[in-house]
There are 2 protein chains.
Amino acid sequence: MDIAPLPDVYRHAPFAQDCAPRRLLRLFSGKWTTMIVHTLHLTGGTSRPGQLQRALPGLSKKMMTQTLRDLERMGLVEREIMQVMPPVVEYRLTQLGQRFVEPLEMLYRWGAQHAALLDQVDRNMATADDVRNAS
Amino acid sequence: MDIAPLPDVYRHAPFAQDCAPRRLLRLFSGKWTTMIVHTLHLTGGTSRPGQLQRALPGLSKKMMTQTLRDLERMGLVEREIMQVMPPVVEYRLTQLGQRFVEPLEMLYRWGAQHAALLDQVDRNMATADDVRNAS
DNA sequence: CTGCATCCTGGGCGATACTG
DNA sequence: CAGTATCGCCCAGGATGCAG
């Protein structure tokens, strides 16, 4: 008995359920994921937790470790523990992790170069809110 | 009385609270935001809701309208209503909205070209889960 | 067909406090 | 200093039903 083929709509949809774009978005859906990866890159591929947290204002200790654990599971980050007192830990981008720096750099660079557009968006939202308040 | 200056750490942090990268991430933090914008672009800059929903399997009617409203508030999308029965509506990227297509294209293209890396990530997570189950 | 209101659940994320 | 555990909020986002 044959399996019914998927409707064309699904096979040809540019954003099929598990297409690469969606997978990439899911990978980087966490609030801090991309920034942590990118910061590790900026610091030469390796940094210590305190350093990391200071570089990312607003990042709580909990979210930092949690995100780093996720990144470890993905194989993008590895952790080295030195058994001394006080303990010293270093996080490092794996080779796989370094591959993902490129798209992030592209994105961030674009944002920096087009800050004016972001300003425009903020202004639009502000005036929209004004209208909303005036009603 | 002077206002105490911010610690250097904050002024020089690559990811200061409101830097362009963070603003860009916030803009596109919604699950469907980027895909809707990109789909509008793919369809020549304008499409109807049904069409849009069919192009994005999994997108509920509610989230579609909600995201589109947000995009309208940002000034990235505009809506045209034709008063007929049954009603016809068209969503269109504004000029501002079109400016944001470029970074999305970069990102999505990168994802498509590096699907192998995404596969590797999935495999890593799978084996990590195996270890977890074996314990 | 489009779109809005309502209800509800999961989980992301933060604050706090405690261990080594 | 690094990491874990616990608590609780809030809201993104999905399901359903109704209206124009």
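In this text the structure is predicted, and so the values were computed from the model without any measurement. Letters A, B, ... mirror the listed sequences (proteins, then strands); counts begin at 1.
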### Query
Over how many whole Å does the gap from A/Arg54 atom CZ to D/dC1 atom P extend?
7 Å
#### Entry: Spacing of A/Glu90 atom CD relative to D/dG3 atom C1', expressed in whole Å
17 Å
### Query
In terms of the nearest nucleotide of DNA chain C, which residue is placed more toward the 5' end: B/Lys62 or B/Gln53?
B/Gln53
### Query
Within this structure, what is the CD-to-P distance between B/Gln83 and C/dT2, rounded to whole angstrom?
14 Å
### Message
Just the rounded figure in Å: distance from P of D/dA2 to CG of A/Leu59.
### Response
13 Å
### Summary
Ranking A/Gly50 and B/Lys31 by the position along DNA chain D of their nearest nucleotide, the one closer to 5' is A/Gly50
### Task
Round to a whole Å and report the spacing from CG of B/Asp70 to P of D/dG13.
10 Å
### Task
May I ask whether B/Leu40 and B/Met82 are part of the same hydrophobic cluster, defined by side-chain heavy atoms of I, L, V, M, F, W, Y residues being less than 4.5 angstrom apart, directly or through others?
no
### Query
With respect to the phosphate group of D/dT4, does any side-chain polar atom (N or O) of A/Arg69 fall under 4.0 Å of OP1 or OP2?
yes
### Message
In this structure, how many angstroms lie between the P atom of D/dA19 and the CE atom of B/Met85, rounded?
### Response
14 Å
### Query
To the side chain of B/Met63, which of D/dG14, C/dG3, D/dG3 is closest?
D/dG14
### Summary
From CD of A/Gln66 across to C1' of D/dT6 the rounded distance in Å is 13 Å
### Task
Could you tell me whether A/Pro49 contacts a base, only the sugar-phosphate backbone, or nothing, with contacts defined as non-hydrogen atoms closer than 4.0 Å?
sugar-phosphate
### Phosphate-side-chain proximity, A/Arg48 and D/dA2, N/O vs OP1/OP2 below 4.0 Å
yes
#### Entry: Separation of D/dG20 C1' from B/Met82 CE (nearest whole Å)
17 Å
### Query
Would you call the rings of A/His38 and A/His41 parallel, tilted or perpendicular if under 30° counts as parallel and over 60° as perpendicular?
tilted
### Query
B/Thr43 and B/Gln51: which non-hydrogen atoms are nearest, and at how many Å?
CG2-NE2, 4.2 Å
### Query
Counting any heavy atom closer than 4.0 Å, what does A/Lys61 reach on the DNA or RNA strands: base, sugar-phosphate only, or nothing?
base
### Message
Is the phosphate of D/dG3 approached by A/Arg79 (side-chain N or O, under 4.0 Å from OP1 or OP2)?
### Response
yes
### A/Phe28/B/Phe28 aromatic ring centres below 6.0 Å
no
#### Entry: Along DNA chain D (nearest heavy atom to each residue), the more 5'-positioned of A/Pro86 and B/Thr67
A/Pro86
### Message
Quick one about B/Gln66 and B/Asp70 (side-chain donor to acceptor, distance below 3.5 Å, no hydrogens or angles considered), yes or no?
### Response
no
